[in-house]
Structure formats: structure tokens, C-alpha cells
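In what follows, chains carry the letters A, B, and so on, assigned in the order in which the sequence lines appear, proteins first and then strands, with residues in each chain numbered from 1.
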Number of protein chains: 2
Amino acid sequence: MTVRRPYAAALEWLRAAGLRSTRQRLALTRLLFAGTDRHVTVNALHKEARANNVRVTLATVYNTLNQFTEAGLLREVVVDASCTYFDTNASHHHHFFCEEDRYLVDIPGEELKVAKHPHPPPERRSRR
Amino acid sequence: MTVRRPYAAALEWLRAAGLRSTRQRLALTRLLFAGTDRHVTVNALHKEARANNVRVTLATVYNTLNQFTEAGLLREVVVDASCTYFDTNASHHHHFFCEEDRYLVDIPGEELKVAKHPHPPPERRSRR
DNA sequence: GTGATTGCAAATCTTTTGCACTAAA
DNA sequence: TTTAGTGCAAAAGATTTGCAATCAC
């Protein structure tokens, strides 16, 4: 089940999260949510924005994607120490990562199932 | 099944990988493989080394852990964009990560099982 | 000896932050 | 107005690299 939110829904979402509808956020939201699900890096989105004549700073893209993630609109996918992706599909799912070409591929639907997993470690449950 | 390699076995392993037995590598190997399985960061191991009167540079710890990983003696565990752990248990297994206290916990034995997973994406299988 | 390894400092890369200015509500 | 958001440049962290000195073999 894909939970991609179309552009309009994303805007609602941001308003509900108390984020102002600035020019930059609107533009980035459109880039992210106008089409199908995407996996973007901060850098790639920044370049894409500028290519689309959106005047926005790299720092703002960082801030924005972090805020969107905090609001639950995006999902952060940490690949390695020097590359984080943001996934417009915020539902719980897994990925393949192509190390050679450095891109993510969704593992669709129920194709990956965790049959059994342990409880959180006891030290966490008993402390505090 | 734990595949911790005792110190002596680790030394063999390094020799087989063509890595010279330098003072720094020997010391780091002992710290890593003298006891039970460990999850260490570069920084933590560097501090530990210095606390044990091992004269070694941070850069060398970086290089060494990367070489050990390449040799298959360690496993790299990427937690987030600013923290990589190295696991002395190089076998295939999973972890819990405590975000609050920032440490890894092994998921022992067969407690986590992936019931079903998809084939690698077709574009990878057909290309090249 | 000879080439691998190390130390050191500088460089790189990603991400965050401080602050004055701008814009949304 | 009032406060949040942005740009810019600087800072912060993690990691890598260049190069001369050192060490393993």
C-alpha cells in the first residue's frame, strides 16, 4: 500500500503541523509530492529546485526536509555515513540499495516479512 | 552462532589479508578481539587505545578499521549520518539501536527471521 | 633496502547554526 | 506588528588525504 500524499494533501499536512506556507516550502513540496514516490538527497533536491528556477538555499533545503520528516510527511533513510535519503513514502517499508549506482529501490507491498523478532533488550525495559 | 574470533585467529586473518603486523594494528586487534563481541566507534576505540598507553592516531584508527572491515574481520554498522559502529561479530545478524543512549544490541541467534523477501530489482539483474 | 604504514595537519564533505533581513499571518 | 523562516557565511563533526618520517619484512 502506497501512502504517497498528493500535493494538496501535503499542504494540508504542513498547515496542520504549524508550518507556514512559504514560497520555498511550497516549491519543495510540489517537487516532492507532485508525482510518484521519490527518494531524494538534500543535494539532489537542491539542484533540482534551482534547475526549476526556485531560489532556495542548501541550508533551507536541509531545514525543510528535517521539518517535513519531523512532521511525518517524509521518512529518513540512512544509507551510509555520508548519504541520507528522504522518502516521500512515509509508510513502514524496506529498501534495496544499489551500492554501485547509489540509489534506493522500494521493496513493494508485503514482499518482505519479518517472521519473528525479539523483544527490546531487557536493560531498556527495566531501567528508569 | 557467534563468530567472534579470538585474538590469535584474528592475527592469522590479518596476515592472510596481507596486512603487516604493525604495533598499532596488533594493539587494536587485541582491544577488539581479546574479549567478547564488541560494537565500537572510531572515537571510542581511539580513546580506549590511548587510555591503554597505545600511541596511535585517530586517522590510523580510521584506516585500520576500514582495512579490517575490507578484510572481513569486522562489520560496519551505519546508524545515522554521523555515527558508524564496527562490530567484531562479522556474521550476518541484526541489531537494536538505543537512540537515547546510542548503543547497539545484538539480536541473538535466530530471533529475527526474514520470512520472505523479493528478488533484487530487475534493472540490476538485466543490466551490464 | 624497499615498500607499506604511520603521524600530522590540512582538506573534504555533510550538516548545523548564528544572525541580520524578509516575509507570513 | 509579531514571529517564523530564509540567506549567507561560518562552524561543527566525521572522515579522508598528502607527504615526510618510520617501520616491517
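The residues B:Arg75 and B:Asp37 are annotated as not salt-bridged, no charged nitrogen and carboxylate oxygen being separated by less than 4.0 angstrom.
Side-chain atoms of A:Trp13 come within 3.5 Å of backbone atoms of A:Ala71 as a donor-acceptor pair (strictly under, hydrogens ignored).
For the pair A:Tyr85 OH and C:dT14 P, the computed distance is 11 Å after rounding to whole Å. The CD-P distance, from A:Gln67 to D:dG5, rounds to 6 Å in whole Å. Regarding A:Glu70, its CD atom lies at a distance of 14 Å from the C1' atom of C:dT16, rounded to whole Å. Regarding A:Phe68, its CZ atom lies at a distance of 11 Å from the P atom of D:dG5, rounded to whole Å. B:Leu28 places its CG atom 14 Å from the C1' atom of C:dG7, with the value rounded to the nearest Å. If you take CZ of A:Arg55 and P of C:dA23, they are 9 Å apart, rounded to a whole angstrom. Put simply, CG on A:Leu45 is 15 Å from P on C:dT14, counting in whole angstrom units.
Counting only N and O atoms by type, the side chains of A:Gln67 and A:Arg25 include a donor and acceptor under 3.5 Å apart.
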List the atom pairs, with distances to 0.1 Å, where a side-chain N or O of residues 56-65 of chain A and a protein N or O form a donor-acceptor pair under 3.5 Å, not counting sequence neighbours.
residue: A:Asn63; atom: ND2; partner: A:Ala59; partner atom: O; Å: 3.3
residue: A:Thr64; atom: OG1; partner: A:Thr60; partner atom: O; Å: 2.6

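Distances shorter than 4.0 Å separate none of the side-chain N or O atoms of B:Thr60 from OP1 or OP2 on C:dT6.
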Reading nucleotides 10-25 of chain D from the 5' end, what letters show protein touch, with B for base, S for backbone sugar-phosphate only, - for no heavy atom under 4.0 Å? ----SBBB------BS
Go through A:His39 and A:Asn89 one step at a time and tell me if the side-chain hydrogen bond (donor to acceptor under 3.5 Å, both in side chains) criterion holds. CA-CA 8 Å; A:His39 305 117; A:Asn89 177 353; over 6 Å; no
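The side-chain contact (heavy atoms from CB on, under 4.5 Å) test with B:Tyr7 singles out one residue from B:Leu32, B:Leu31, B:Leu26, and that residue is B:Leu26.
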